[in-house]
*Asks:* 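Below: one structure in structure tokens.
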Amino acid sequence: MTEPVTTLRGIGPKQAARLEKLGIHTLTDLLFHLPLRYQDRTRLLPIGGLRPGDEAVVEGEIALAEVQSRSRRMLILRLADGTGALNLRFFHFSAAQQHNLVRGVRLRCFGEVRGSRQGGLEMIHPEYRAIQDDTLPVEDCLTPVYPTTEGLHQITLRRLTDEALAHLDHLPDWLPPGVLDSAGLPDLESALRTVHRPPPDVSVAALLAGRHPAQRRLAFEELVAHHLSLYRLRTRTTARPAPVIRVDGNLLGRLRRSLPFALTSAQDRVIRELERDMARPSPMLRLVQGDVGSGKTLVAVAACLQAVEAGHQAAVMAPTEILAEQHHHNFRALLGPLDIPVAWFSGRQGVRARRESLAALAEGTARVAVGTHALFQDEVSFEDLALVIVDEQHRFGVHQRMALREKGARDGRLPHQLIMTATPIPRTLAMTAYADLDYSVIDELPPGRTPVKTVAVSDTRRGEVVERIHHAISQGRQAYWVCTLIEESEVLQAQAAEDTHALLQAALTGVRVGLVHGRMKPREKEAMMAAFKAGELQLLVATTVIEVGVDVPNASLMIIENAERLGLAQLHQLRGRVGRGTAESACVLLYHPPLSYTAQRRLEALRASTDGFEIARIDLELRGPGEVLGTRQTGMMQFRIAEITRDQDLLETVKAAATRLMREHPDHVEPLIRRWLSGSEEYGRVG
Ligand code: ADP
Ligand code: MG
């Protein structure tokens, strides 16, 4: 089954190139190129029973044929079968068609039914066939519709899969019967046959919902393969040595004493977990999740201190300039008094500053490095890196994580790794996406926080909102105004923020209004933030650059413009910028009516809850896991057939099956991973 597709009839270089685009190189690939959906052409449906949205085969006689030329020339046929009639509409037609398709001719058609503007039902450009006698058979299985690409027809894909299916008995089933039976799933051969050519008695509803046992069997196999690949990554990593970090904790003690508050018990617990991990001779691989404001920074600093006290270096990496800057600022403030020098790396820093940072790191005068992905670059080298911290991991791909991990590799030794994320991940999802990581949660907010009161307000009431800002400021509070635009363009976003800034400044006389956006120089941004933090500015107009990391406890009001355009997770993150002090805080979600159904659900979810987990649960429901994890771009959670939300109930069994496979059939692991993940660069390159 590993023969190239070119061994099949009629597949020349041109078709092969198209198939390649779909990731199909071999016969096996064809078998795992699964239908997107199905058409039911196994039954003739009475026209009288059709409803808009149906895809149906109908048969009838042309009762009326005419060419209309109102706005556009078109051929309209009225097809009747005794139960009802519908129109067939053709915008492109030849003289021959016009000649042949006349009153009295019998047609068999397949197409999508829709309501026509004139009332009644119609099909636009249906597939059709004229019939002489009544013996034309219907299809004997559901018709698969495959994902395809320009120039490659469904008919071709159906023919090719037919041929591949003929060789199916050569395909090994890597899942042993014991595993399948306990999960109640069919063997590979029958699963593939059913999925490609479902017999007419199959439940179409189950197939379309992806819940048929044949599909579940394949989803299961894919999830097992995915799990195994992450697990293999993990074992390859943990098999390597790492610096054993075991210290008295003097530095951490000094840090604790310098803080005006005590750590929460959740912070303490997670710090202990990290200490335990780093005291082992194999690399720590741990994900720490904590809701916005739960105090992840201090946990990261604590881990750094352990490494530094043991005489090593630590690196902290963040996905955006502004978040990295914020970390740099915080780390310097916390580590400076302990005489621990911090080096800064950014893609935007000047040559000289960069050269200094590089030297400080390589010589070891700097003990901690903070930066963006600029830290990945080849010329960055450490004297003795023992701990890598990645904030907001979901924005980095697996291989980027690996790259930084390798930076600390010395004599085969790997640094410990800590990943921090504010995205609350439901447990099942975490188990799947981060099967290579241990998992800790900071499940407690520091005391004294007042929950943010959230309201959704139509932007027709903007005047009242401005009034509200005025009031908050007159009470000595500060406020954010967040401008959002869907356009990716930084220029347009900056423009919108500048316009809003001018409008608000005009509307709020006597109020000092600041502005930050992505087009400003880092130094300007930093100065603006510092002024806001110091209370010199009362209102800060910002683009979503402030999404993460900004920390001004006196800011108690946030207005988010066009809130309906943002995702739940992002709104929750933004809102987390207020409610950090003891004052009653509020968030106003300004929206532009009318709201779509999902936008309504999003805003409602935010109004109803400030709990990141609850919000993540709804987010997952509304958007699906790829988006929630932000991994669509990195391709990490792209499955061919599995869908985490739909197949959640399989996940526990997946883990057990993977474990059993490793133990009882270690020789199946590699081919199984290759079958499902070979096309994925991410996994191909790693390890
Ligand atoms: P996040 O988890 O969102 O990154 P931060 O680490 O930025 O949260 O912390 C948010 C705010 O809470 C900061 O101002 C920080 O100083 C403060 N903070 C952290 N831990 C505690 C604590 N145990 N008690 C009181 N305030 C805390
Ligand atoms: Mg943070």
Side-chain angles (χ1 to χ4, degrees), residues 252-253 255-272 274 286-305 316-337 370-372 389-396 418-425 440-452 478 480 529-530 532-535 544-556 558 569-583 585 587 610-613 615-616:
L252 183 52
L255 176 75
R256 282 178 194 275
R257 286 191 294 279
S258 76
L259 293 173
F261 48 74
L263 295 185
T264 63
S265 53
Q267 283 170 316
D268 273 328
R269 173 174 47 76
V270 174
I271 291 172
R272 276 197 307 275
L274 300 178
R286 189 172 288 275
L287 175 72
V288 169
Q289 191 271 314
D291 207 347
V292 202
S294 61
K296 291 183 291 297
T297 312
L298 276 170
V299 169
V301 168
C304 286
L305 289 180
V316 182
M317 183 175 64
T320 62
E321 287 284 332
I322 195 124
L323 179 55
E325 277 165 29
Q326 188 76 25
H327 274 318
H328 180 221
H329 176 88
N330 287 337
F331 271 69
R332 244 185 7 208
L334 292 163
L335 298 181
V370 179
T372 58
I389 299 179
V390 182
D391 197 2
E392 298 288 332
Q393 111 98 13
H394 62 284
R395 302 202 195 183
F396 293 107
L418 166 61
I419 291 119
M420 301 200 297
T421 175
T423 310
I425 308 158
S440 302
V441 189
I442 311 179
D443 50 6
E444 184 185 353
L445 291 181
R449 300 267 167 91
T450 37
V452 181
Q478 289 168 283
Y480 296 103
M529 297 286 214
F532 187 62
K533 202 161 182 163
T544 46
V545 294
I546 64 154
E547 179 188 346
V548 276
V550 181
D551 191 20
V552 180
N554 190 46
S556 64
M558 171 172 285
Q570 203 179 5
L571 287 167
H572 178 63
Q573 289 272 336
L574 278 169
R575 181 175 59 175
R577 299 307 114 201
V578 290
R580 302 200 145 204
T582 44
S585 293
C587 176
T610 49
D611 173 359
F613 268 94
I615 287 170

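Both counts, for ligands and for their atoms, begin at 1 and track the order of listing.
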*Asks:* Would you say that Arg286 contacts Val270 through its side chain, given a criterion of any heavy-atom pair below 4.5 Å between the two side chains?
*Replies:* no

*Asks:* I need the atoms of ligand 1 closer than 4.0 Å to a non-hydrogen atom of Ser294, numbered in the order shown.
*Replies:* 2 (O), 8 (O)

*Asks:* With a 3.5 Å cut-off and no angle check, do the side chains of Ser294 and Glu444 form a donor-acceptor pair?
*Replies:* no

*Asks:* Under a 4.0 angstrom heavy-atom cut-off, which atoms of ligand 1 come close to Thr297?
*Replies:* 4 (O), 5 (P), 6 (O), 7 (O)

*Asks:* Would you mind checking if Asp443 and Arg269 are paired as a salt bridge, meaning a charged N to carboxylate O distance below 4.0 Å?
*Replies:*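 Asp443 and Arg269: salt-bridged.
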
*Asks:* Which atoms of ligand 1 sit under 4.0 Å from any heavy atom of Leu298?
*Replies:* 19 (C), 20 (N)

*Asks:* Within a distance under 4.0 Å of any heavy atom of Ala262, pick out the atoms of ligand 1 and give their elements.
*Replies:* 22 (C), 23 (N), 24 (N)

*Asks:* Check the pair Met317 / Asp391 against side chain to side chain contact (heavy atoms under 4.5 Å, CB included), numbers first and verdict last.
*Replies:* CA-CA 6 Å; Met317 183 175 64; Asp391 197 2; over 6 Å; no

*Asks:* Near Leu263, which atoms of ligand 1 are under 4.0 Å from a heavy atom of that residue?
*Replies:*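 Selected atoms, number and element: 23 (N).
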
*Asks:* Going by the order shown, which atoms of ligand 1 are within less than 4.0 Å of some heavy atom of Val292?
*Replies:* 3 (O)

*Asks:* Could you check whether any side-chain heavy atom of Leu335 comes within less than 4.5 Å of a side-chain heavy atom of Val301, counting everything from C-beta outward?
*Replies:*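 Yes, at least one pair of side-chain atoms sits under 4.5 Å.
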
*Asks:* Can you name the atoms of ligand 1, numbered from 1 with element, that are less than 4.0 Å from a heavy atom of Gln267?
*Replies:* 19 (C), 20 (N), 22 (C), 23 (N)

*Asks:* Are Phe261 and Leu298 packed together at the side-chain level, in the sense that at least one heavy-atom pair is separated by less than 4.5 angstrom?
*Replies:* yes

*Asks:* Which ligand 1 atoms, with their elements, are less than 4.0 angstrom from a heavy-atom of Thr264?
*Replies:*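 Near Thr264, meaning under 4.0 Å from one of its heavy atoms, ligand 1 has 23 (N).
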
*Asks:* Contact between ligand 1 and Asp291 is defined here as a heavy atom of the residue under 4.0 Å from a ligand atom; is it met?
*Replies:* yes

*Asks:* Checking the N or O distance criterion of under 3.5 Å, is ligand 1 in contact with Pro446?
*Replies:* no

*Asks:* Are Val390 and Thr421 packed together at the side-chain level, in the sense that at least one heavy-atom pair is separated by less than 4.5 angstrom?
*Replies:*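 No, too far: nothing below the 4.5 Å cut-off.
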
*Asks:* Could you tell me if the side chain of Ile442 sits less than 4.5 Å from the side chain of Gln267, heavy atoms only?
*Replies:* yes

*Asks:* Gly290 near ligand 1, heavy-atom distance under 4.0 Å?
*Replies:*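 The answer is no, since Gly290 has no heavy atom less than 4.0 Å from ligand 1.
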
*Asks:* Would Gly576 count as a contact of ligand 1 if the rule is a heavy atom under 4.0 Å away?
*Replies:* no

*Asks:* Tell me whether Lys533 contacts the main-chain N or O of Val552 through its side chain, where contact means a donor paired with an acceptor under 3.5 Å.
*Replies:*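 No.
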
*Asks:* Taking both backbone and side-chain atoms of Arg577, is any N or O found less than 3.5 Å from an N or O belonging to ligand 1?
*Replies:* no

